[in-house]
Novice: 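A single structure is presented below for examination.
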Amino acid sequence: MKPKLQVALDNTSLVEALQSLRLYQDAIDVIEVGTILHVAEGIEPVRVLRALYPEKIILADIKGADAGSLLAKLCFDAGATWMTAICSADVNTMIGMKKTGQAYGEDRDVQIELYGDWTMEQAKNWKDAGLEQVVYHRSRDAQAAGKGWDQSDLDKLSALTDMGFKVTITGGLEVHDLALFKDLPIYCIIAGRSIRDASNPLQAAEAFQAEITRLWT
Ligand code: 5RP
Ligand code: MG
């Protein structure tokens, strides 16, 4: 299946995020309320986006670390389809999010954000516990310090897909990076700055979609 295109709204205000999203709303599959926007505006952006886009998948990228059920209730009450947990959270936190989500509907889900040190053994525990989605992340700060994509990233991605996870990739992705991942069954491709900050954001989103279609169909 073709990867979905997810746009991360890491804006510092809801007004700015809505202005940006309006430009490319029809060209994307998943709307992400970025961690930065959550810090700036709390859970309100999820509520507003759900009212404006009743049919879209909306992800709340809160990177939750504890109190899983309570955080999940806040995200799913506001209208999120998916939410995120940080990989260092206890597996019971992730289970709490997942179980809480399932009470809202079968499509509610949790993405585990892979940052820093995590192991394949932990990944196996997450899978055994019923978690299905992981986000393989090159952090913004690691990218700024010069971290590129290399074979070790592809090997880990491949191991995660072999385990049966729906694997999403992100972290300063540009259209020309996508070919690197073409042999993997990627679930979502998340782009933030390369769409939001483009001189023509609609054209940028369409270029991502065209490349996704070219590489995965
Ligand atoms: C950073 C994030 C971002 O939302 C994600 O990396 C996408 O943004 P960008 O393409 O600008 O890196 O979760 O922690
Ligand atoms: Mg994000």
Side-chain angles (χ1 to χ4, degrees), residues 3-14 16-21 23-24 27-46 49 56-65 71-72 74-75 78 80-89 94 97 109-118 133-149 153 156-157 166-181 186-209 211-212:
K4 300 181 205 302
L5 178 60
Q6 177 171 328
V7 172
L9 298 174
D10 281 301
N11 303 88
T12 52
S13 80
L14 177 56
E16 194 189 281
L18 293 174
Q19 280 168 351
S20 175
L21 178 59
L23 304 174
Y24 44 81
I28 64 167
D29 305 303
V30 180
I31 303 170
E32 171 184 326
V33 177
T35 313
I36 293 170
L37 184 55
H38 275 299
V39 170
E41 301 268 11
I43 204 67
E44 193 56 17
V46 176
L49 288 164
K56 285 273 191 203
I57 297 174
I58 298 177
L59 168 86
D61 187 13
I62 64 161
K63 297 185 174 72
L71 290 178
L74 289 168
C75 292
T81 324
W82 302 337
M83 66 181 294
T84 60
I86 193 75
C87 60
S88 52
M94 300 170 184
M97 290 176 181
D109 209 355
V110 179
Q111 291 184 331
I112 303 171
E113 289 263 353
L114 304 179
Y115 274 95
D117 296 325
W118 56 274
Q133 293 200 49
V134 291
V135 180
Y136 191 89
H137 218 124
R138 174 176 64 163
S139 89
R140 197 163 157 141
D141 298 332
Q143 178 193 3
K147 161 89 176 76
W149 297 102
D153 297 313
K156 285 184 225 161
L157 285 164
K166 293 175 184 165
V167 177
T168 287
I169 46 170
T170 191
L173 286 176
E174 311 228 6
V175 170
H176 64 79
D177 292 319
L178 301 190
L180 257 178
F181 307 100
I186 301 296
Y187 187 57
C188 293
I189 286 163
I190 311 177
R193 289 161 291 172
S194 56
I195 292 178
R196 291 193 327 270
D197 299 347
S199 55
N200 184 331
L202 174 59
Q203 234 171 49
E206 286 173 344
F208 266 92
Q209 288 286 22
E211 185 68 345
I212 289 170

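All ligand and atom numbering here is 1-based and tracks the order in the structure. Here the structure is a predicted model, which means the values were calculated and not measured.
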Novice: Is a side-chain donor or acceptor of N200 paired with a backbone partner of L202 at a separation under 3.5 angstrom?
Specialist: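 Yes; at least one donor-acceptor contact below 3.5 Å.
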Novice: May I ask you to list the atoms of ligand 1 that are less than 4.0 angstrom from any heavy atom of D10?
Specialist: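 Listed by number with element, the hits are 3 (C), 4 (O), 8 (O).
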Novice: Suppose I only count heavy atoms of G172 and a 4.0 Å limit; which atoms of ligand 1 are within that range?
Specialist: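 The list of qualifying atoms is 9 (P), 10 (O), 12 (O).
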Novice: Does the K56 side chain pair with the main chain of L49, one donor and one acceptor, at a distance under 3.5 Å?
Specialist: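 No, the answer is negative, given that no donor and acceptor are paired below the 3.5 Å cut-off.
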Novice: Considering non-hydrogen atoms of the protein only, which is the closest contact for atom 10 (O) of ligand 1, and what is the distance?
Specialist: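 For atom 10 (O) of ligand 1, the nearest protein heavy atom comes out as G192 N, 2.8 Å.
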Novice: Of all the non-hydrogen atoms in the protein, which one sits nearest to atom 14 (O) of ligand 1, and at what distance?
Specialist: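 The closest one turns out to be Y115 OH, 2.4 Å.
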Novice: What atoms in ligand 1 come closer than 4.0 Å to a heavy atom of A8?
Specialist: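 Counting from 1, the qualifying ligand atoms are 4 (O), 7 (C).
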Novice: With heavy-atom distances below 4.0 Å as the criterion, list the atoms of ligand 1 near A191.
Specialist: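 Answer for ligand 1: 10 (O).
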Novice: Are any side-chain N or O atoms of T168 and backbone N or O atoms of I189, one a donor and one an acceptor, separated by less than 3.5 Å?
Specialist: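 No; zero donor-acceptor contacts below 3.5 Å.
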Novice: Taking C-beta and beyond as the side chain, do T170 and E32 meet within less than 4.5 Å on heavy atoms?
Specialist: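 No - every pair of side-chain heavy atoms lies 4.5 Å or more apart.
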Novice: Taking side chain as C-beta onward, heavy atoms only, is N11 less than 4.5 Å from I36?
Specialist: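 SC-SC contact between N11 and I36 ruled out.
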Novice: Minimum distance, heavy atoms only, to atom 11 (O) of ligand 1: which one of R193, E32, R196, H137 is it?
Specialist: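 When every heavy atom of R193, E32, R196, H137 is considered, R193 comes closest to atom 11 (O) of ligand 1.
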Novice: Any idea how F181 and W149 line up, ring-wise: parallel (<30°), tilted (30 to 60°), or perpendicular (>60°)?
Specialist: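 Because their plane-to-plane angle is over 60°, the rings of F181 and W149 count as perpendicular.
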Novice: Please verify the inter-ring angle class for W82 with Y187; under 30° counts as parallel, over 60° as perpendicular, anything in between as tilted.
Specialist: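 Because their plane-to-plane angle lies in the 30° to 60° range, the rings of W82 and Y187 count as tilted.
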Novice: Please answer whether the main-chain N or O of S20 pairs with a side-chain N or O of R196 as donor and acceptor at a distance below 3.5 Å.
Specialist: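 Such a contact is absent between R196 side chain and S20 backbone.
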Novice: When only distance counts, is K63 in polar contact with ligand 1, meaning an N/O pair under 3.5 Å?
Specialist: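 Indeed, backbone or side chain, K63 has an N or O that close.
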Novice: Let me see the working for T35 and D61 under side chain to side chain contact (heavy atoms under 4.5 Å, CB included), right down to the final yes or no.
Specialist: CA-CA 5 Å; T35 313; D61 187 13; 3.1 Å; yes
Novice: Under 4.0 Å from any heavy atom of G171, which atoms of ligand 1 are there?
Specialist: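 With G171 as reference, the close atoms of ligand 1 come out as 6 (O), 12 (O).
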Novice: Could you tell me if any non-hydrogen atom of R138 lies under 4.0 Å from any atom of ligand 1?
Specialist: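 For ligand 1, residue contact (heavy atoms, under 4.0 Å) with R138 is absent.
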Novice: Do any N/O atoms on D61 end up under 3.5 angstrom from N/O atoms on ligand 1?
Specialist: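 The answer is yes, given that D61 and ligand 1 share an N or O pair closer than 3.5 Å.
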Novice: Assess the side chains of D29 and Q209: does a donor N or O sit below 3.5 Å from an acceptor N or O?
Specialist: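 Present: a donor and an acceptor within the cut-off.
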Novice: Please give me the protein atoms (N, O or S only) lying under 2.8 Å from the Mg ion (ligand 2), ordered by chain and number.
Specialist: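 Less than 2.8 Å away from the Mg ion (ligand 2) sit E32 OE2, D61 OD2.
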Novice: If we ignore hydrogens and angles and just use 3.5 Å, is the side chain of E41 paired with the main-chain N or O of L14 as donor and acceptor?
Specialist: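 Yes; at least one donor-acceptor contact below 3.5 Å.
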Novice: Any chance CG of D197 has more than 12 other-residue heavy atoms, nucleotides or ligands included, within less than 6.0 Å?
Specialist: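 Enclosed: over 12 neighbouring heavy atoms sit under 6.0 Å from CG of D197.
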Novice: Counting non-hydrogen protein atoms only, what is the nearest one to atom 7 (C) of ligand 1? Give residue, atom name and distance.
Specialist: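 Going by distance alone, atom 7 (C) of ligand 1 is nearest to T170 OG1, 3.2 Å.
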